[in-house]
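Here the structure comes first, spelled out in structure tokens, and everything after it is commentary.
Both ligands and their constituent atoms are indexed starting at 1 by order of listing. If you're wondering where the values come from, they're calculated on a predicted model, not measured in any experiment.
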Amino acid sequence: MRLSVIGCGYLGAVHAAAMASIGHDVVGIDVDVRKIDALAKGEAPFFEPGLPEILAEGIASGRLTFTTDMSAARGAKVHFIGVGTPQQKDGYGADLTYVNAAVDALLPHLSAGDIVAGKSTVPVGTAASLTPRIQETGATLVWNPEFLREGYAVQDTIDPDRLVVGVGSSTDSDPVSVLREVYAPAVAKGTPFIVTDLATAELVKVAANAFLATKISFINAMAEIAEVTGADVTQLADAIGHDVRIGRRFLGAGIGFGGGCLPKDIRAFSARAEELGRGESVAFLREVDEINLRRRDRAVQLVVDALGGQVFQKKVTVLGAAFKPYSDDIRDSPALDVAVRLHGLGAQVTVTDPEAIDNARRVHPQLTYVADRDEAIRDADALVLVTEWDEYRRELAPAHASTLTAGRVIVDGRNGLDPAAWRAEGWTYLGMGRP
Ligand code: NAD
């Protein structure tokens with residue numbers, strides 16, 4: 001099938017390449033010339049495992065092209081909208097400028113019978129408000145939220161754990177059959193395919209992210225209680241996680257969540273609920289956000305305390321900049337936030353990360369970046385693990401670290417290290433919510 005994908009960021013570039021890899025003819029369209037130039041050459045503009053391979057394959061097959069020219073969308077049966085919906089600069093709500101601009105630019109190229117499938121995460125009600133403009137062209141709008149996880153985006157796009165398609169009430173075409181055809185390999189595998197109305201589809205996405213954020217902040221709240229009682233939150237998480245109704249996943253206490261989705265999605269959900277007169281229904285999300293942000297303070301405080309009450313001119317190496325491993329995404333990264341705060345307190349901060357240094361340097365040029373892990377920790381007074389890359393969590397042996405650093409302090413912002421192993425080597429090990 002001929003498809004267009006409008007917006008070629010973390011979501012759209014992967015979607016375009018993944019759709020080509022399952023046999024569709026895809027054009028990816030974006031307003032960012034540099035991104036499109038890179039993609040057209042088969043270069044992934046960001047780090048995502050598996051993306052370079054499917055990009056190269058799609059381009060070589062002739063089924064995958066990229067352009068900044070919106071008219072290239074003409075003739076596609078389905079047009080996916082995957083542009084950004086960031087937090088507004090002056091509020092909690094989602095900024096829909098890019099969604100509106102993308103739809104406006106697409107309208108002249110739509111034909112009767114086309115399907116526009118929104119994938120961006122939007123406030124509930126957005127699809128209904130876009131519908132009249134799209135219907136005038138004879139095209140149909142559906143909402144098909146995306147649940148991919150960065151780091152696993154290729155796999156999640158080709159083989160998702162569920163597909164959700166929201167359709168409007170006055171739809172005469174059969175967009176659901178067309179979407180089933182788009183996702184034929186997943187459908188054939190029996191992947192749950194849930195058809196809803198537009199509002200439900202929009203809400204499914206934000207509800208899922210609100211739940212995940214709440215789960216993380218729940219365990220981080222328990223970490224705060226553990227810290228004043230001497231309890232160990234990791235044991236607590238193991239113990240409650242054995243209950244299948246609770247489950248152990250997303251119960252890792254640490255410096256909390258970040259990235260381009262969870263923080264802005266829960267804020268946008270709160271803002272939208274307020275507009276709908278139901279602010280109280282999700283008032284807890286404010287608390288979820290606050291618990292999350294407090295954990296960054298806690299990590300910074302642990303470093304300060306361990307270094308004798310102040311970090312001025314102390315050498316602190318921050319292990320990680322990306323908001324999570326297997327990604328170079330630094331949007332709202334708790335890792336980078338901890339680094340910036342320590343720098344603000346006068347520490348000489350060195351940041352290392354296997355993939356995210358270029359992105360981090362663009363946003364925070366004031367920090368020192370060293371790509372090589374061992375060079376980065378050389379002569380450090382303290383180490384702070386903030387992104388659980390294997391290089392730091394599994395492969396950094398305390399005995400080896402001892403040969404390089406000046407001090408023996410490690411703050412484990414992800415509770416990913418073995419405290420006994422570090423202490424046995426003479427280190428002061430400080431975790432989150434652990435004695
Ligand atoms: P992103 O910032 O990486 O990409 C957005 C892209 O849209 C950019 O390349 C930008 O240049 C492009 N764009 C902006 N205006 C445009 C226009 N008028 N026409 C064409 N292109 C335009 O963002 P992202 O992470 O890919 O997220 C996109 C959407 O998907 C957001 O709503 C996000 O919440 C949602 N989402 C993201 C993920 C994720 O893991 N990144 C997962 C699920 C859902």
Please list the nearest protein heavy atom to [atom] with its residue and the distance rounded to 0.1 Å.
| atom | value |
| --- | --- |
| atom 14 (C) of ligand 1 | Y98 CD2, 3.8 Å |
| atom 27 (O) of ligand 1 | L11 CB, 4.3 Å |
| atom 37 (C) of ligand 1 | C261 SG, 3.4 Å |
| atom 41 (N) of ligand 1 | E150 OE2, 2.8 Å |
| atom 4 (O) of ligand 1 | G9 CA, 3.2 Å |
| atom 43 (C) of ligand 1 | E146 O, 3.2 Å |
| atom 5 (C) of ligand 1 | G84 N, 3.4 Å |
| atom 13 (N) of ligand 1 | V83 CG1, 3.7 Å |

Look only at the side chain of [X] and the backbone of [Y], and say whether a donor-acceptor pair between them is shorter than 3.5 Å.
| X | Y | result |
| --- | --- | --- |
| D114 | S111 | yes |
| K77 | R2 | no |
| H79 | I6 | no |
| Y92 | S270 | no |
| T137 | L107 | no |
| S327 | G151 | no |
| R414 | G256 | yes |

Sub-4.0 Å atoms of ligand 1 with respect to non-hydrogen atoms of [X]:
| X | result |
| --- | --- |
| K35 | 8 (C), 9 (O) |
| K205 | 43 (C) |
| D30 | 6 (C), 7 (O), 8 (C), 9 (O), 10 (C), 11 (O), 12 (C), 20 (C), 21 (N) |
| A102 | 18 (N) |
| T85 | 31 (C), 32 (O), 34 (O) |
| D32 | 11 (O) |

Give the contacting part of [X] toward ligand 1: side chain, backbone, both or neither, where contact means a heavy-atom distance below 4.0 Å.
| X | result |
| --- | --- |
| R331 | side chain |
| A105 | neither |
| R149 | neither |

N/O to N/O below 3.5 Å, does that happen between K264 and ligand 1?
-> yes
Do ligand 1 and T121 have nitrogen or oxygen atoms that lie under 3.5 Å from each other?
-> yes
From the options R434, R298, R294, select the one residue that forms a salt bridge (Lys or Arg N to Asp or Glu O under 4.0 Å) with E227.
-> R298
Residue from R295, R267, R296 passing salt bridge (Lys or Arg N to Asp or Glu O under 4.0 Å) with D289 | R267
Distance-only side-chain donor-acceptor flag, S71 / H109, under 3.5 Å = no
For the residue pair Y152 and Y326, does the interplanar ring angle fall in the parallel (under 30°), tilted (30 to 60°) or perpendicular (over 60°) class?
-> perpendicular
More than 12 heavy atoms of other residues, nucleotides or ligands under 6.0 Å from CZ of R278: is that the case?
-> no
